[in-house]
Amino acid sequence: AKLARALWDVGAIQDRHKSPGGQGFRLKLHESNPQAPLSPIYLNLRVRWGTSKTPGILTVPVVCQVVREMIARVDRCGMRLDFFHVAGVPHAGDPFALEFASTVYPPAHLLKLDKEDGPDGRRVTRLAQGDPRRAETVLLIDDLITQADSKLEAIHVLESAGLRVCDVLVIVDREQGGRQELERAGYRLHAIFTLRQLLDFYCAAGLMEEAIHAEAVRPIEDLQRDGNALCLVERSVHGSHAASPCEALDEKAKGTLKDL
């Protein structure tokens with residue numbers, strides 16, 4: 001609760017009232033779909049001293065608070081001995097990876113990934129810093145996950161260098177399919193918060209209006225409803241007594257909820 005409140009107080013999570021004209025926020029999806037409805041919320045989890053071109057807002061104390069929560073999540077999930085290196089997804093994840101690597105005990109070795117411009121935009125393309133040995137394990141860190149594209153790009157670069165990636169650690173899971181994409185590819189996602197947890201907290205604390213909360217959670221509920229419908233179809237194909245892929249994901253989700 002302290003970290004959730006700190007993120008709100010510093011302006012990392014904003015609702016429509018702080019948007020231009022109070023109409024809502026334009027997101028990355030509006031670049032390809034300008035007619036999409038404006039978002040009632042906006043997340044800026046980048047730090048003020050980061051290397052990203054996007055202006056950051058998180059202060060040093062909040063970043064330290066985030067990393068303490070990340071380390072606590074690692075301990076709860078029993079991952080402490082499962083990685084030797086830490087890498088941030090460039091560039092939003094870099095400051096968190098740097099602080100994490102120097103704070104966790106025993107300290108982790110920091111690797112640095114880089115993005116380059118290509119015909120399809122900027123992509124994670126290379127390992128820019130670090131001298132790892134083959135088969136060593138890397139914990140991948142980022143600020144949030146919506147879909148899994150940039151995480152999978154980073155994982156591909158690391159695995160192409162002979163490294164192993166099992167786990168991805170973020171501050172916020174926006175619950176827009178990224179977790180499921182990673183799980184289908186064989187990787188585990190660990191998030192300090194889901195977006196729904198943050199929204200529920202802010203509404204219960206009187207920081208967010210109920211109407212904005214309802215509008216913000218609607219896409220999450222719609223996606224979950226579609227996912228549940230897909231699971232019903234898969235169960236009918238696999239048989240009522242056979243364990244389908246969706247049931248396996250359901251069990252992982254239950255374990256994640258216990259950790260929160």
Side-chain angles (χ1 to χ4, degrees), residues 3 45-52 54 56 58 60 62-116 118 122-173 178-179 181-193 252 255-256 259:
L3 177 56
L45 298 174
R46 297 171 185 262
V47 304
R48 290 181 179 176
W49 70 90
T51 57
S52 172
T54 303
L58 295 192
V60 173
V62 175
V63 171
C64 292
Q65 198 172 347
V66 166
V67 170
R68 286 196 298 269
E69 289 291 336
M70 284 182 165
I71 292 173
R73 171 52 56 92
V74 164
D75 287 339
R76 288 198 296 270
C77 295
M79 291 192 299
R80 181 61 67 91
L81 300 179
D82 289 347
F83 59 90
F84 189 74
H85 302 278
V86 171
V89 177
H91 292 285
D94 289 339
F96 301 105
L98 174 62
E99 181 68 18
F100 186 100
S102 61
T103 303
V104 70
Y105 184 83
H109 293 254
L110 181 67
L111 303 179
K112 184 171 175 55
L113 299 164
D114 200 6
K115 284 185 175 181
E116 295 177 332
R122 290 180 62 79
R123 299 173 63 89
V124 184
T125 57
R126 67 189 184 97
L127 181 61
Q129 178 181 313
D131 187 25
R133 297 179 180 178
R134 292 185 63 85
E136 289 177 335
T137 304
V138 184
L139 173 63
L140 191 64
I141 294 179
D142 206 359
D143 59 342
L144 54 79
I145 184 168
T146 303
Q147 296 177 334
D149 295 10
S150 62
K151 281 62 170 178
L152 292 173
E153 289 173 10
I155 290 169
H156 175 72
V157 170
L158 293 167
E159 290 183 339
S160 296
L163 298 164
R164 295 178 62 248
V165 179
C166 299
D167 300 280
V168 178
L169 180 60
V170 300
I171 306 170
V172 179
D173 174 7
R179 177 186 294 274
E181 289 181 52
L182 286 176
E183 288 178 335
R184 283 195 294 269
Y187 308 102
R188 296 183 292 260
L189 177 72
H190 309 272
I192 298 176
F193 305 108
K252 290 184 179 179
T256 302
D259 291 333

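These figures come from a predicted structure and were not determined experimentally.
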Checklist outcome for this item: Minimal heavy-atom distance between A185 and L152, with the atoms involved, is CB-CD2, 4.1 Å
Next on the checklist: Just to verify, what does D142 make a salt bridge (charged side-chain N to carboxylate O under 4.0 Å, His left out) with, not counting sequence neighbours?
Outcome noted: K151
Item to check | Between CG on residue L140 and OG on residue S150, distance to nearest 0.5 Å | outcome: 8.5 Å
Checklist entry - With sequence neighbours left out, what residues match E69 under side chain to side chain donor-acceptor pair (under 3.5 Å)? => result none
Next on the checklist: Just to verify, what does S102 make a side chain to side chain donor-acceptor pair (under 3.5 Å) with, not counting sequence neighbours?
Outcome noted: none
Checklist outcome for this item: The reported gap from CG in D173 to OG1 in T146 (rounded to nearest 0.5 angstrom) is 8.5 Å
Next on the checklist: Could you report the tightest heavy-atom contact between A92 and R46, atom names first, then the distance?
Outcome noted: CB-NH1, 3.5 Å
Next on the checklist: Within this structure, what is the CD1-CG distance for the pair I155 and L182, rounded to the nearest 0.5 Å?
Outcome noted: 5.5 Å
Checklist entry - Which heavy atom in L3 sits nearest to a heavy atom in F193, and how many Å separate them? => result CD2-CE1, 3.7 Å
Next on the checklist: Which residues pass the salt bridge (charged side-chain N to carboxylate O under 4.0 Å, His left out) test with R123, not counting sequence neighbours?
Outcome noted: E153
Checklist entry - Side chain of R188, backbone of V168: donor and acceptor closer than 3.5 Å? => result no
Checklist entry - If you round to the nearest 0.5 Å, how far is CZ of R48 from CG of L58? => result 8.5 Å
Next on the checklist: I'd like to know whether V74 forms a side chain to side chain contact (heavy atoms under 4.5 Å, CB included) with L169, so could you lay out the CA-CA distance, the side-chain angles of the two residues, the decisive distance to 0.1 Å, and finally the verdict.
Outcome noted: CA-CA 9 Å; V74 164; L169 180 60; 4.0 Å; yes
Checklist entry - Quick one: does D143's side chain get under 4.5 Å of V170's, heavy atoms only? => result no
Checklist entry - A87 and A97: which non-hydrogen atoms are nearest, and at how many Å? => result C-CB, 3.9 Å
Item to check | Contacts of H109 that satisfy ring-ring contact (aromatic ring centres under 6.0 Å, His included) - sequence neighbours left out | outcome: F84, H85
Item to check | Test side chain to side chain contact (heavy atoms under 4.5 Å, CB included) applied to I141 and M70, step by step | outcome: CA-CA 9 Å; I141 294 179; M70 284 182 165; 3.8 Å; yes
Checklist entry - Could you go step by step and tell me if V66 and F100 meet the side chain to side chain contact (heavy atoms under 4.5 Å, CB included) rule? => result CA-CA 9 Å; V66 166; F100 186 100; over 6 Å; no
Next on the checklist: Any non-hydrogen side-chain atom of R68 less than 4.5 Å from a side-chain atom of R73?
Outcome noted: no
Checklist outcome for this item: One should read off an interatomic distance between L111 CG and D94 CG, to the nearest 0.5 angstrom, of 11.0 Å
Item to check | From CD1 (I145) to NE2 (H190), nearest 0.5 Å | outcome: 11.5 Å
Item to check | Expected output: side-chain K115 to main-chain P90 donor-acceptor under 3.5 Å | outcome: yes
Item to check | Partners meeting salt bridge (charged side-chain N to carboxylate O under 4.0 Å, His left out) with D114 (sequence neighbours left out) | outcome: R126
Next on the checklist: Using side chain to side chain contact (heavy atoms under 4.5 Å, CB included), reason through I171 and L144 one step at a time and then give a plain yes or no.
Outcome noted: CA-CA 6 Å; I171 306 170; L144 54 79; 5.9 Å; no
